[in-house]
2 protein chains.
Amino acid sequence: MIYYICTNDCTDAMTTQKVNITDIAQKTGLSTTTVSRVLSGKAKQYRIGKKSQQKVEEAAKEMHYVPNHFAANLRTGKSNTVALILPSLSNPFFASIASEINAEIRRFGYIAIISDSDENPDIEKMELEQLRGRNIEGLVIAPCGDQAEYIKSLNDRGMPVICFDRYFEDLDIPYVSTDNFMGAQIATQHLIDKGHESIACIQGVRSSTPNRLRVKGFVETMENAGLKKHSVVGDDFTVQNGYLETKLLLRQSKRPTAILTLSNTIALGCMKAIKEEGIRIPEDISLITFDEHPYLDYLSTPLSCVAQPVSDISKIAIKFLFAKINNAEFEPSQVLLRPELKIKESVRKLND
Amino acid sequence: MIYYICTNDCTDAMTTQKVNITDIAQKTGLSTTTVSRVLSGKAKQYRIGKKSQQKVEEAAKEMHYVPNHFAANLRTGKSNTVALILPSLSNPFFASIASEINAEIRRFGYIAIISDSDENPDIEKMELEQLRGRNIEGLVIAPCGDQAEYIKSLNDRGMPVICFDRYFEDLDIPYVSTDNFMGAQIATQHLIDKGHESIACIQGVRSSTPNRLRVKGFVETMENAGLKKHSVVGDDFTVQNGYLETKLLLRQSKRPTAILTLSNTIALGCMKAIKEEGIRIPEDISLITFDEHPYLDYLSTPLSCVAQPVSDISKIAIKFLFAKINNAEFEPSQVLLRPELKIKESVRKLND
DNA sequence: ATATTTTGTACAAACGTTTGCGCAAAAAAT
DNA sequence: ATTTTTTGCGCAAACGTTTGTACAAAATAT
C-alpha cells in the first residue's frame with residue numbers, strides 16, 4: 001500500500017523567506033561569490049564552470065531561493081523600481097493609463113510606485129522627495145502645475161524621465177502625449193461643419209499644457225472660420241466643474257448651440273446638468289468631448305468624442321523609459337500622437 | 001545694487017541622492033548611532049539630549065537628507081511595502097478599488113506593488129513568489145481560482161493577509177467583501193416583484209466565491225418564488241462573455257423577459273448585443289446588473305444596479321491590514337458589507 | 001566623601017548582496 | 001620542461017542603516 005503524505009514542505013519553503021546565497025554556498029560547497037555570479041546571470045562573464053553552475057542552479061531551485069532585492073540594491077544601486085505620478089487616479093483616463101503603464105512596468109521585472117498628486121504641485125514635489133529614498137531608477141509623470149524645475153533637474157542629472165499627457169513645451173524633457181491642438185481642432189471643425197456658430201468650451205486645469213493647447217485649437221479654429229461667438233469657461237478636469245459651468249451656460253439668455261468639453265469627467269458633469277435642466281442632446285444642444293470611454297456608445301445619446309490613443313501612449317512611454325534605463329546614451333524624444341474623431345450621435349446638423 | 005543669484009543649490013541637493021547618516025554624523029560631530037536614533041524617532045527611547053537632537057534635525061533638513069529604505073530594510077526586515085494582487089485591472093470595478101487601496105496605502109507611508117493576475121492562478125502564484133524578494137509586509141488580494149494553499153500558508157505564518165471581493169468561504173483567512181448572496185437576492189426579488197418570471201443570469205468566473213454566492217442568491221430567490229424558468233449562463237467577468245451569452249439568449253425561441261448580469265463588464269457586453277439586435281431596454285427586455293458606475297445614469301436607459309460599497313471595502317481592508325501589521329496579535333475578521341439596490345429605469349413592470 | 005542611579009553617547013556587528021582583485025590549477029604554447 | 005595563457009573560483013570590502021552592549025559623565029542618594 002502506498003501512502004501519499006503531504007509533507008507540505010514545498011509550500012513551507014516557499015512562504016518562509018530565509019534561504020540566502022550563503023545557504024546555497026554551504027549546500028554546494030562553493031563560495032557566495034560563485035553562487036552570486038551564477039544566480040545573477042554572470043556565469044559566462046566570470047567563467048564559472050559548467051558543473052558549478054548546474055549545482056548552484058539546482059540547489060537554488062530546490063531550496064526555493066529568491067534573491068533579496070534590498071540587499072542587492074544596497075550594493076548596486078539598482079532598485080528595479082520606477083515611479084508613476086499622476087494628477088488624479090479618480091479620472092478614468094488616468095486610471096486606465098495607470099493600469100496599462102503598471103502592467104508594462106511589471107512585465108520588465110520592475111515595480112511601479114504609483115502616486116496621486118491630486119493636481120497639487122506641493123504634493124507632487126513631496127512625493128518626489130519621498131521617492132528618493134526608494135532609489136527609483138526612472139520617473140513616469142503627468143506633472144501637474146507648471147513648475148518644471150525639480151523634474152528638469154532630475155532629467156538633467158541623467159535620471160530617465162518621461163512625461164505623458166501633461167508636459168512642458170519649451171523644455172527638452174521627453175514626453176508622449178496626444179496632439180491636443182489637433183484634437184481640439186478636429187472636434188471644433190466638426191461642430192462648425194455641422195453649422196454651429198455659437199460654441200462653448202469647458203476647460204480643465206488652465207496651467208496644463210494639454211488644456212492650453214486644446215483651448216488654443218478651439219479658439220484658432222473658431223476664429224479661422226470667422227466665428228466670434230465662442231467662450232471658454234471652467235478650470236478643472238472634474239465632474240463638478242463640468243456640472244457647474246454647464247449650469248451657468250444653460251442659464252444664459254443666449255445659449256450656445258454646442259459644447260466642447262475637454263475631458264470625460266467634464267463631459268459627465270455636463271451631461272448631469274443637461275439632464276437636470278430637461279434639455280435634450282442633440283436636439284437642444286450638441287455635445288462633443290475629449291476622451292473615449294466604453295460606455296459612450298450606450299448613452300442616451302451616444303457621445304461623439306476625440307479619442308486619445310491611451311494604449312499607445314502607455315507603450316511608447318514605457319519603451320522610452322526602459323530604453324533609457326538600459327542605455328543612458330539613449331535620448332527619448334518628444335512625441336505627439338494623432339487623436340481620432342469618433343462621430344456618434346451627439347452633434348446635430350443645424351439648418352440655417 | 002543687489003544681485004539675486006540662483007545658485008540652484010537647493011534643487012541640486014534634492015536631486016542628488018548622496019547624503020547619508022554618516023555625512024550628518026560628521027557635520028554634527030556626533031556618531032551615526034545618535035544620528036540614526038534621532039532620525040528614526042527613537043530619541044526619547046534612547047535618551048538623546050535635546051541639543052544633539054536639534055543639531056541632527058537641523059543638519060538633516062539643511063542637507064536634504066532622505067533615508068535609504070533599502071539599507072534600513074536590510075537591517076530591520078521592514079520594507080514598508082505591501083502587495084496588491086487582483087484578477088483584472090481592466091475591469092473598472094477592480095481599477096477603482098485599486099486606486100482607492102493604493103491611495104490608502106501610500107497614506108500610511110507604505111508603497112503598494114500592484115499586480116494583475118489576469119484571472120490566471122499560475123500568474124498569481126508566480127507573482128506571489130517574486131514578491132518574496134521584495135520582503136512585502138502584507139498582502140491584499142482578490143484571489144483568482146480556488147487554490148488557497150499558498151495564501152493560507154502565508155496567513156498561517158503570520159503574514160498579514162486580507163482578501164477582498166474574492167475570498168475563501170471555509171478558511172479563516174480574513175476578508176472584506178460584499179454580501180453577494182444578498183445582492184443577487186435583492187436584484188432578483190426586484191425583478192420578480194416587477195412581474196418577471198423568466199429570468200436569465202449571466203455569470204462570471206464560476207470558481208470564484210462572489211460568483212457562486214450571487215448565482216446561489218439568484219437561484220434560491222427564483223425557486224422560493226416558485227419560478228422554474230431560470231437559466232444561468234456564461235463563465236467570465238468580461239465584456240466579451242456578456243456579449244456572446246446575450247446573443248445566444250436573444251436567439252432563443254423563448255426569450256427571457258429579464259437579464260441579471262453579475263458584473264459591469266458583462267452588462268456592457270450585454271448592452272452591446274442588445275443594441276445590435278435592435279431591441280429595447282426595458283420595453284423588450286429588462287436588465288439589472290451588479291456594480292455601479294458613474295455613467296449608468298446617462299445611458300439610453302439608466303441602468304438599475306446593485307452597488308457595491310467600493311470605498312468602504314477598500315478602507316476596511318486597509319484598516320485591517322495595518323492593524324495587523326502594527327500589531328501581530330490583532331485578528332482581522334471576515335466582513336460582508338451590504339450592497340445597495342439602485343433602481344433606475346431598466347426594469348419594466350410586466351402586466352400579466 | 002562615597003556609592004548608586006541616571007543620562008547621553010559611541011563602538012562595532014549585522015542584514016544579504018555584488019565585485020575588484022588575487023591566486024591556484026589546468027591547458028596551451030614555447 | 002619551462003613559460004605563458006586561460007580557466008575557475010574565493011577573499012574580503014562595501015552599500016547605509018539599526019541596535020545590543022558598553023561606558024563615561026552627571027546627578028542623586030547615602
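Values below: all heavy atoms of this structure, side chains included; hydrogens, waters and symmetry mates excluded.
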Protein-nucleotide distance (A:Arg47, atom CZ; C:dA27, atom P), rounded to Å:
15 Å
Atom CD1 of A:Ile48 and atom C1' of C:dT19 are separated, to the nearest Å, by 12 Å
Below the 4.0 Å mark, does C:dA10 have OP1 or OP2 next to a side-chain nitrogen or oxygen of B:Thr34?
yes
Contact check, side chains of B:Ile114 and B:Asn102, non-hydrogen atoms, under 4.5 Å:
yes
Verify the contact: side-chain N or O of A:Ser31 to OP1 or OP2 of D:dG10, cut-off strictly under 4.0 Å; return yes or no.
yes
Has the side chain of B:Arg37 got a donor or acceptor that lies under 3.5 Å from a partner of the other kind on the base of C:dG8?
no
Interatomic distance where CG belongs to A:Asn80 and P belongs to C:dT18 [whole Å]
11 Å
Below 30° counts as parallel, above 60° as perpendicular, anything between as tilted: where do the rings of B:Tyr110 and B:Phe322 land?
perpendicular
Would you call B:Lys319-B:Glu104 a salt bridge at under 4.0 Å N-O?
no
Looking at B:Asp23 and B:Asn20, would you say the former's side chain and the latter's main chain have a donor-acceptor pair under 3.5 Å?
yes
When rounded to the nearest 0.5 angstrom, what distance separates OG1 in B:Thr81 from CG in B:Asn135?
8.5 Å
Near DNA chain D, counting only heavy atoms under 4.0 Å, which residues of residues 69-77 of chain A show up?
A:Leu74, A:Arg75
Using a cut-off of strictly less than 4.0 Å, decide whether B:Ser40 has a side-chain nitrogen or oxygen near OP1 or OP2 of D:dT17.
no
Given D:dT19, C:dT17, D:dT17, identify the nucleotide with an atom nearest to the side chain of A:Asn68.
C:dT17
Terminal helix-axis angle for the helix from C:dA1-D:dT30 to C:dT30-D:dA1, with five pairs defining each axis and rounding to 10 degrees:
50°
Think B:Ser36 has a side-chain N or O under 4.0 angstrom from the OP1 or OP2 of D:dG16?
no
Taking atom P of D:dA14 as reference, at what distance in whole Å does atom CG of B:Asn20 sit?
14 Å
Would you call the rings of B:Phe94 and B:Phe164 parallel, tilted or perpendicular, where under 30° means parallel and over 60° means perpendicular?
perpendicular
Candidate pair B:Tyr175 and B:Phe168, rule ring pair (Phe, Tyr, Trp, His ring centres under 6.0 Å), full reasoning
CA-CA 8 Å; B:Tyr175 59 77; B:Phe168 305 106; 9.4 Å; no
Compute whether any side-chain donor of one residue and acceptor of the other, for B:Arg166 and B:Ser207, lie under 3.5 angstrom apart.
no
Do A:Lys324 and A:Glu329 sit within salt-bridge range, that is, some charged N less than 4.0 Å from a carboxylate O?
no
Verify the contact: side-chain N or O of A:Tyr46 to OP1 or OP2 of D:dT7, cut-off strictly under 4.0 Å; return yes or no.
no
Under 4.0 Å: is that the gap between some side-chain N or O of A:Lys42 and OP1 or OP2 of C:dT19?
yes
Atom-to-atom span, CD of B:Gln26 to C1' of D:dG16 - whole angstrom:
14 Å
On the side chain of A:Thr33, is there an atom forming a donor-acceptor pair with the base of C:dT19 - under 3.5 Å, no angle test?
yes
Choose from C:dG8, D:dT19, C:dT18 the nucleotide whose nearest atom is closest to any side-chain atom of A:Thr32.
C:dT18
Between CG of A:Asn135 and P of D:dT17 the distance, given in whole Å, is 10 Å
For A:Lys44 and D:dT7, give me the distance from atom NZ to atom P, rounded to whole Å.
15 Å
Could you tell me the separation between the CD atom of A:Gln45 and the P atom of C:dT18, rounded to a whole number of Å?
12 Å
Just by modelled atom types, is the B:Ile313 backbone N or O under 3.5 Å from a matching donor or acceptor in the B:Glu100 side chain?
no
